[in-house]
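What you see is a predicted model; the values in this text were computed from it and never measured.
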Amino acid sequence: LLRLRSGRLAVVAEQNPDALLKPRVVVFFDIASNRRLDPMDLNLGAQHCDDQVAGCESPENWPFSDLDQLWGAPDLGPA
């Protein structure tokens, strides 16, 4: 779970082997307004992208039960 400089939260969808701090992410939450956003794919390594990773957030500090779905993890069903 990443906090972006824009004040949004995102999950990493794909690493960027050339720049580890510029992965492709799925943005889904606005911290300032404390509201969910429609998930949006954002490539932090793209030339036109002006957002950056500001830090990591612990998922335990946020009430999100669907992080697996946001980053595209397969649904494994009941354990």
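- Salt-bridge formation is not detected for the pair D50/R5: no Lys NZ or Arg NE/NH1/NH2 atom is positioned less than 4.0 Å from an Asp or Glu carboxylate oxygen.
- Under the side chain to side chain contact (heavy atoms under 4.5 Å, CB included) rule, P23 has a single partner from V25, L20, L21, which is V25.
- Nearest heavy atoms, P59 versus L67: CB-CD1, 3.8 Å.
- Shown here for D30 and S33, the closest heavy-atom pair between the two residues is OD1-N, 2.8 Å.
- Sorted by first and then second residue, the ring-ring contact (aromatic ring centres under 6.0 Å, His included) pairs involving residues 22-46 (not counting sequence neighbours) are F28-F64, F29-W62, F29-F64.
- Salt-bridge check for R36 with D66: passed, with a basic side-chain N closer than 4.0 Å to an acidic carboxylate O.
- In this structure, CG in L9 is found 9.0 Å from CG in L2, a value given to the nearest 0.5 Å.
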Query - Candidate pair L37 and R8, rule side-chain contact (heavy atoms from CB on, under 4.5 Å), full reasoning - result: CA-CA 9 Å; L37 304 171; R8 300 177 294 175; 4.0 Å; yes
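- Applying the ring-ring contact (aromatic ring centres under 6.0 Å, His included) definition to pairs two or more places apart or across chains, none involves residues 35-55.
- The structure places CZ of R24 at 10.0 Å from CG of L42, a figure rounded to the nearest 0.5 Å.
- Here the side chains of L44 and N16 are not in contact, with every heavy-atom distance at 4.5 Å or above.
- One distance of note links SG of C56 with CG of L1; it measures 8.5 Å at 0.5 Å rounding.
- No side-chain donor-acceptor contact under 3.5 Å links D41 to the backbone of V26.
- The two residues N43 and K22 make their nearest non-hydrogen contact at OD1-O, 4.2 Å.
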